[in-house]
2 protein chains.
Amino acid sequence: MEKNQRKLPDSCGLGPALAVIGGKWKALLLWQIHQAQPCRFGELKRLQPEISEKMLIQHLREMEADGIIHREVFHQVPPRVEYSATPEGAELDLALAPLADWGKKHQERTEGAKAGAARAAPRTAAEGAARG
Amino acid sequence: MEKNQRKLPDSCGLGPALAVIGGKWKALLLWQIHQAQPCRFGELKRLQPEISEKMLIQHLREMEADGIIHREVFHQVPPRVEYSATPEGAELDLALAPLADWGKKHQERTEGAKAGAARAAPRTAAEGAARG
DNA sequence: TAGGTACCTTACTTTTTTGTCTGTACTTGT
DNA sequence: ACAAGTACAGACAAAAAAGTAAGGTACCTA
């Protein structure tokens, strides 16, 4: 099992936390599962066509092992598996909210700066002060 | 420059945020710089002897480019460079707090579970006791 | 001339993470 | 028989991140 996260240093609790949601799609998956519980495998696949099946399962399994999602198998035919967030997972999702907010703000600032640079680059820096 | 973070998916703002602090030592560095501002290069190196100079510089440069830390050079001899958190960086550090809290709790739960399992599992009691 | 401090830079290697592709077991529909 | 759908598993390869080792500048001391 792909050991996940190249061993993060710890000091504050960020190491363990990033070890759990550091994967490329994990935060997104947790978020989606937490939004629309319970979520089936195929549903997640359809919601995020970008992610490969392998990564989807791998991430789901790791998240299950980390106790942030719950996996329930229904022995039907065709097979059916449902994923939901555990209480711990729900807490994590909440703890992620401020970070997501910061990310959004940062994104806007960055895009704003890029747009500004695009306009400022051809000529003078008359824009330098024109920022809100 | 090592493109940093294998392009994260976005939906909520977590992609951009993780792109900024996703590096192995970045969160730790931000935290330390925010604690003891201003921080010199050599100081950070001493505080975290584990991190190589290359990664230290690389991460510092990326964080500077992302606008979360400020780098100030004093043209002295021997050279002197000071790093400090920008307001944006300080905000990020705050946004990271709940996640760190969760990480700490998760760590305790995990360690507790491991200890509990060690006591609950010894069906073959020899293995349960056989660790330094 | 050699060695020391401080702050990097570069080339190269290893490790970790992600992606691609093929295959399983089972049933329904044509 | 063959395709399609469900929920995976495993081999292999590519990409990204991190690490190692050496060097480079600029000055100072011995």
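Order of the sequence lines sets the chain letters (A, B, ...), proteins ahead of strands, with each chain counted from 1. Being a predicted model, the structure only gives us computed values, none of them experimental.
Separating the CD atom of Gln58(B) from the P atom of dA16(D) is a distance of 14 Å, rounded to the nearest angstrom. In this structure, Glu72(A) atom CD and dA7(D) atom P are separated by 14 Å, rounded to whole Å. Rounded to whole Å, the distance from CD on Glu64(B) to C1' on dC7(C) is 14 Å. Following rounding to the nearest Å, Glu53(A) (CD) and dC12(D) (P) show an atom-to-atom distance of 20 Å. Put simply, CD on Glu62(B) is 8 Å from P on dA18(D), counting in whole angstrom units. Glu50(B) has its CD atom 9 Å from the P atom of dG19(D), to the nearest Å. One can place NZ of Lys26(B) at 13 Å from C1' of dA16(D), the figure rounded to the nearest angstrom. Between the CD1 atom of Ile51(B) and the C1' atom of dC7(C) there is a distance of 14 Å, rounded to whole Å.
If you check the side chains of His70(B) and Glu64(B), you find no donor sitting under 3.5 Å from an acceptor.
Across all strands, Gln76(A) comes closer than 4.0 Å to no nucleic acid atom at all (heavy-atom distances).
A sub-4.0 Å separation between OP1 or OP2 of dA11(D) and a side-chain N or O of Lys54(A) is absent. A close approach under 4.0 Å does not occur between any side-chain nitrogen or oxygen of Lys45(A) and OP1 or OP2 of dC8(D). Proximity of Arg71(A) to the phosphate of dC8(D): a side-chain N or O atom is located under 4.0 Å from OP1 or OP2. Contact annotation: Tyr83(B) side-chain N/O to dC7(C) OP1/OP2 distance is not under 4.0 Å. For the OP1/OP2 pair of dA26(D) and a distance below 4.0 Å, the side-chain nitrogens and oxygens of His75(B) include no atom meeting the criterion. Phosphate proximity of dA6(C) to Arg40(B): absent, as no side-chain N or O sits under 4.0 Å from OP1 or OP2. Contact annotation: Arg46(A) side-chain N/O to dT6(D) OP1/OP2 distance is under 4.0 Å. Residue Arg80(A) places none of its side-chain N or O atoms closer than 4.0 Å to OP1 or OP2 of dG5(D).
A salt bridge is defined here as a Lys NZ or Arg NE, NH1 or NH2 lying under 4.0 Å from an Asp or Glu carboxylate O, and Lys105(A) with Glu88(B) fails to meet this definition. Using a 4.0 Å cut-off between charged side-chain N and carboxylate O, Arg80(A) and Glu82(A) make a salt bridge.
Counting heavy atoms from C-beta outward, Trp102(A) and Ile68(B) have side chains that approach closer than 4.5 Å. Side-chain contact between Tyr83(B) and Leu29(B) is absent, with no heavy-atom pair separated by less than 4.5 Å.
Ranking dC8(C), dC26(C), dT20(D) by closeness to the Val77(A) side chain, first place goes to dC26(C). Across dA18(D), dC7(C), dG10(D), the shortest atom-to-atom separation from the side chain of Pro79(B) is found for dC7(C). Closest approach to the Met55(A) side chain among dT18(C), dC8(C), dG19(D) is made by dT18(C) (side chain taken as heavy atoms from C-beta onward). Distance from the side chain of Pro78(A) is smallest to dT6(D) among dA9(D), dT6(D), dG19(D). The listed nucleotides are dA18(D), dT9(C), dA9(D); the one nearest the side chain of Arg61(A) is dA9(D).
Results of the side chain to side chain contact (heavy atoms under 4.5 Å, CB included) test with Cys39(B) over Leu60(B), Val81(B), Leu44(B) single out Leu44(B) as the only residue that passes.
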